Amino acid sequence: MNGIQRKKILGVPVDLVDRSDAINYIDRLIKADTKGHYIFAINAEKVMALRQDGFLREMAQHACLLIPDGMGAVLGIRVLYGKKIKRVSGVDLMHALCKESAIKGYRIFMYGGKEDVNQEAVTRLRILYPGINIVGRCNGYIGADDIEKLVTQINETEADILFVALGSPKQERWIQKYLPRLNVKVCQGIGGTLDTITGDVRRAPLFLQHAGLEWLYRLISDPRRIRRQLVLPVFVIEVFKERLKRKAAV
Ligand code: UDP
């Protein structure tokens, strides 16, 4: 439909896109003036979570774009389909969209993170991408009563792109509940990205990112992630088991 190939890793869909395919597609969606599209990031942790969680599976099925966010997605596509794709991390896509905003004037609304983090991230993005069109922002800790005001505020700003930084699966639940009432054209859940922009959480050095080892850096810098990352070896084993199954079926 959109010319983008979609494949499945352990039953979970992922799109074979690089960063420029993703940007071009989002640009088309914004120009087409349709609303309610959202981008979903697929990595090994998400594949394993989706296998257990019907809600997240349903969300993935209706996403306009499923980016190969982690090395798990890249490896899964390589092992199961023999195709070499590049990782498009959610963080990189968000930065790329901010850059595009400065060029094309996309209107951005930034929701989520602690108040000081949200404010500082917006300031830094304005320095990084002069001309970026951030039309509104709100921290991610407002009470239930203020959510209604937030929905009105987002619509009043006529934002094209909404970034939701509440962490997963909270942000997906928020998107499912409120996106139908918003006029934004594209929405991206960005997890803890604002904390990386402010430096509250550091990203891995570039050489580790390029080596596909950002997950290892995150694990070492925050060992509490170990429980979340224990699924990674299971993911790799499952992918190879799936390949064996497919070979046997041929
Ligand atoms: N957060 C928020 N509101 C909440 C819970 C979390 O704004 O009620 C923010 C939190 O401040 C952090 C992000 O959501 O910036 C979660 O980051 P994490 O790295 O845990 O998310 P992940 O990328 O792993 O999904």
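When a ligand or atom number is given, it counts from 1 through the structure's own listing order. Predicted model, so just to flag it, every value in this text is computed and none were measured. Quick note: residue numbers are just sequence positions, from 1.
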(message) I'd like to know whether CZ of R19 has more than 12 heavy-atom contacts from other residues, nucleotides or ligands below 6.0 angstrom.
(response) no
Which N or O atoms of ligand 1 sit under 3.5 Å from a protein N or O, and how far apart is each pair?
{"unit_1": "ligand 1", "atom_1": "1 (N)", "unit_2": "Y141", "atom_2": "OH", "d": "3.2"}
{"unit_1": "ligand 1", "atom_1": "3 (N)", "unit_2": "G140", "atom_2": "O", "d": "2.8"}
{"unit_1": "ligand 1", "atom_1": "7 (O)", "unit_2": "G113", "atom_2": "N", "d": "2.7"}
{"unit_1": "ligand 1", "atom_1": "7 (O)", "unit_2": "A165", "atom_2": "O", "d": "3.4"}
{"unit_1": "ligand 1", "atom_1": "8 (O)", "unit_2": "K170", "atom_2": "NZ", "d": "2.7"}
{"unit_1": "ligand 1", "atom_1": "11 (O)", "unit_2": "Y141", "atom_2": "OH", "d": "2.8"}
{"unit_1": "ligand 1", "atom_1": "14 (O)", "unit_2": "A165", "atom_2": "O", "d": "3.2"}
{"unit_1": "ligand 1", "atom_1": "14 (O)", "unit_2": "L166", "atom_2": "O", "d": "3.4"}
{"unit_1": "ligand 1", "atom_1": "14 (O)", "unit_2": "G167", "atom_2": "N", "d": "3.4"}
{"unit_1": "ligand 1", "atom_1": "15 (O)", "unit_2": "D195", "atom_2": "OD1", "d": "2.5"}
{"unit_1": "ligand 1", "atom_1": "17 (O)", "unit_2": "G192", "atom_2": "N", "d": "3.4"}
{"unit_1": "ligand 1", "atom_1": "23 (O)", "unit_2": "G192", "atom_2": "N", "d": "3.1"}
{"unit_1": "ligand 1", "atom_1": "24 (O)", "unit_2": "R228", "atom_2": "NH1", "d": "3.4"}
{"unit_1": "ligand 1", "atom_1": "24 (O)", "unit_2": "R228", "atom_2": "NH2", "d": "2.8"}
{"unit_1": "ligand 1", "atom_1": "25 (O)", "unit_2": "S168", "atom_2": "N", "d": "3.0"}

Donor-acceptor pair between [X] and [Y] side chains, under 3.5 angstrom:
{"X": "E172", "Y": "S168", "result": "yes"}
{"X": "D27", "Y": "Y106", "result": "yes"}
{"X": "N43", "Y": "D69", "result": "yes"}
{"X": "Y38", "Y": "H62", "result": "no"}

(request) State whether the side chain of D160 and the backbone N or O of K185 hold a donor-acceptor pair below 3.5 Å, judged by distance alone. (result) no
